[in-house]
Asks: 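Can you read through this structure? Questions will come right after.
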Amino acid sequence: MAVDKGMQVLVVDDYNTMRRIIRNLLKQLGFDNVDEAAHGGEALAKMQDKTYGLVISDWNMEPMTGLELLKQVRASEKLKNIPFIMVTAESKPENVIAAKQAGVSNYIVKPFNAETLKGKMTAVLGEF
């Protein structure tokens, strides 16, 4: 099944600049329907109102971290199947393990480029 580049993608990061960078990378890859949230709580609220085909979330955020967001998404009957890619500046093995145990779909370490993002998205969504 082909990946729908028209699907809604939610980018969650507490830094506006990082949200803009990820939005631009997604645009380069052909994904124009990008929504943003500044933290996990805002992201959860948006996910209750809209259907997303992918969530790309930073790990380190306040007041709700990306890991806490991931756990809440996976615990929700409505949201649990949404592909979820975690972005972090830290590549600590214990973080990767915690994210995997919480049900993360894939993991990206900053900094990254469009090619890296496409590879991670392809692994989660399929070829596009």
Side-chain angles (χ1 to χ4, degrees):
M1 190 175 95
V3 172
D4 175 15
K5 288 189 175 184
M7 72 176 171
Q8 287 283 333
V9 179
L10 181 60
V11 176
V12 190
D13 199 303
D14 51 352
Y15 286 105
N16 187 34
T17 304
M18 196 63 208
R19 289 195 308 270
R20 194 173 66 242
I21 289 168
I22 295 173
R23 176 188 284 273
N24 289 339
L25 291 175
L26 287 165
K27 197 175 197 89
Q28 285 176 41
L29 297 173
F31 293 84
D32 291 322
N33 290 330
V34 180
D35 212 349
E36 298 180 8
H39 56 78
E42 185 182 342
L44 275 176
K46 287 185 178 224
M47 283 190 255
Q48 295 305 323
D49 297 334
K50 248 186 193 172
T51 302
Y52 293 97
L54 174 66
V55 175
I56 300 174
S57 176
D58 188 34
W59 181 293
N60 294 309
M61 296 181 293
E62 296 292 332
M64 182 190 288
T65 67
L67 184 62
E68 290 165 339
L69 171 62
L70 171 63
K71 287 177 178 177
Q72 291 209 23
V73 166
R74 291 295 180 247
S76 164
E77 198 55 44
K78 179 184 172 193
L79 307 174
K80 69 181 182 186
N81 294 319
I82 298 173
F84 196 111
I85 296 176
M86 188 78 74
V87 178
T88 184
E90 300 170 36
S91 57
K92 293 181 190 162
E94 59 269 25
N95 286 8
V96 177
I97 291 165
K100 289 259 186 237
Q101 287 174 337
V104 77
S105 306
N106 217 322
Y107 201 90
I108 302 177
V109 179
K110 294 178 197 173
F112 60 93
N113 58 21
E115 191 179 320
T116 302
L117 181 59
K118 181 176 183 181
K120 299 289 185 173
M121 288 174 66
T122 298
V124 172
L125 303 170
E127 289 292 331
F128 60 87

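The analysis underlying the following values was restricted to heavy atoms, covering all of them including side chains, and did not include hydrogens, waters or symmetry mates.
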Asks: Tell me whether Val104 shares a hydrophobic cluster with Met47, the cluster being built from Ile, Leu, Val, Met, Phe, Trp, Tyr side chains joined at under 4.5 Å.
Replies: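 The answer is yes; both residues are in one hydrophobic cluster.
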Asks: Check side-chain contact (heavy atoms from CB on, under 4.5 Å) between Ala75 and all other residues, then give those that pass, not counting sequence neighbours.
Replies: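 Testing Ala75 for side-chain contact (heavy atoms from CB on, under 4.5 Å), a comparison that skips the adjacent residues, returns none.
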Asks: Which pairs count as ring-ring contact (aromatic ring centres under 6.0 Å, His included) when at least one residue sits in residues 14-39, sequence neighbours excluded?
Replies: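 Every ring-ring contact (aromatic ring centres under 6.0 Å, His included) pair that includes a residue of residues 14-39, provided the two are not neighbours, is Phe31-Phe128.
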Asks: If you round to the nearest 0.5 Å, how far is OG1 of Thr17 from CD1 of Ile22?
Replies: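 Between Ile22 CD1 and Thr17 OG1, I get 11.0 Å after rounding to 0.5 Å.
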Asks: Just how far is it from atom CG of Leu54 to atom CG of Asp4, taken to the nearest 0.5 Å?
Replies: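 Here the interatomic distance stands at 12.0 Å.
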Asks: Spell out, as yes or no, whether a donor-acceptor pair under 3.5 Å connects the side chain of Thr122 to the backbone of Lys118.
Replies: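 At least one qualifying donor-acceptor pair exists.
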Asks: What's the separation between atom CG in Leu29 and atom CD in Glu115, rounded to the nearest 0.5 Å?
Replies: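 The CG atom of Leu29 sits 10.0 Å away from the CD atom of Glu115.
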Asks: I'd like to check the side chain to side chain donor-acceptor pair (under 3.5 Å) partners of Thr116; sequence neighbours left out, ordered by chain and number.
Replies: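 Result, side chain to side chain donor-acceptor pair (under 3.5 Å) vs Thr116: Asn113.
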Asks: Any pair with a residue in residues 102-111 that passes side chain to side chain donor-acceptor pair (under 3.5 Å), sequence neighbours left out, goes on the list, sorted by first then second residue, please.
Replies: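 Of all non-adjacent pairs touching residues 102-111, those that pass side chain to side chain donor-acceptor pair (under 3.5 Å) are Asp58-Lys110, Arg74-Ser105.
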Asks: Locate the shortest heavy-atom distance separating Gln28 from Ala114; write the atom from each residue and the value.
Replies: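 Looking at all heavy atoms of both residues, the closest pair is OE1-CB, 3.5 Å.
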Asks: Using the rule that Ile, Leu, Val, Met, Phe, Trp and Tyr join whenever any side-chain heavy atoms are under 4.5 Å apart, tell me whether Val124 and Tyr52 fall into a single cluster.
Replies: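 No.
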Asks: So if you build clusters from Ile, Leu, Val, Met, Phe, Trp, Tyr with side-chain heavy-atom gaps below 4.5 Å, do Val12 and Leu26 land together?
Replies: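 No, because Val12 and Leu26 fall into different hydrophobic clusters, even though each may have its own neighbours under 4.5 Å.
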Asks: Side chains of Leu125 and Met7: closer than 4.5 Å at any heavy-atom pair?
Replies: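 Contact flag for Leu125/Met7 side chains = yes.
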Asks: Run the side-chain donor-acceptor check on residues 81-91: report pairs under 3.5 Å with partners two or more places apart or on a different chain.
Replies:
{"from": "Thr88", "atom 1": "OG1", "to": "Glu90", "atom 2": "N", "distance (Å)": "3.1"}
{"from": "Glu90", "atom 1": "OE1", "to": "Lys92", "atom 2": "NZ", "distance (Å)": "3.1"}
{"from": "Glu90", "atom 1": "OE2", "to": "Asn60", "atom 2": "ND2", "distance (Å)": "3.2"}

Asks: Do Val73 and Val55 have side chains that approach each other closer than 4.5 Å (heavy atoms only, starting at C-beta)?
Replies: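 Side-chain contact under 4.5 Å: no.
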Asks: What heavy-atom pair brings Asp13 and Met61 nearest, and what distance separates the two atoms?
Replies: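 Closest approach of Asp13 to Met61, heavy atoms only: CA-SD, 3.8 Å.
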Asks: Does anything in residues 79-88 pair up under salt bridge (charged side-chain N to carboxylate O under 4.0 Å, His left out), and if so which pairs, sequence neighbours excluded?
Replies: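 Residue pairs with at least one partner in residues 79-88: Glu77-Lys80.
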Asks: What residues form a ring pair (Phe, Tyr, Trp, His ring centres under 6.0 Å) with Phe112, not counting sequence neighbours?
Replies: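 Scan of Phe112 (ring pair (Phe, Tyr, Trp, His ring centres under 6.0 Å), adjacent residues dropped) gives none.
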Asks: Minimum heavy-atom separation for Leu69 to Ala43, with atom names?
Replies: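 Nearest heavy atoms, Leu69 then Ala43: CD2-CB, 3.9 Å.
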Asks: What residues, two or more places apart in sequence or in another chain, satisfy side-chain contact (heavy atoms from CB on, under 4.5 Å) together with Gln48?
Replies: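 Only Lys78, Leu79 meet the side-chain contact (heavy atoms from CB on, under 4.5 Å) criterion with Gln48.
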Asks: If you define the side chain from C-beta out and look only at heavy atoms, does anything of Leu70 sit under 4.5 Å from Thr65?
Replies: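 No, side chains not in contact.
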Asks: Between NZ of Lys71 and CG of Leu67, what distance do you get to the nearest 0.5 Å?
Replies: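 Here the rounded value is 4.5 Å.
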Asks: Which residue pairs pass the salt bridge (charged side-chain N to carboxylate O under 4.0 Å, His left out) test when at least one of the two sits in residues 20-36, sequence neighbours left out?
Replies: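 Sorted result for residues 20-36: Arg19-Glu36, Arg23-Glu36, Lys27-Asp32, Asp35-Lys46, Asp35-Lys50.
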Asks: Can you hop from Val11 to Val3 via hydrophobic side chains spaced under 4.5 Å?
Replies: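 Per the 4.5 Å side-chain linkage, Val11 and Val3 are co-clustered.
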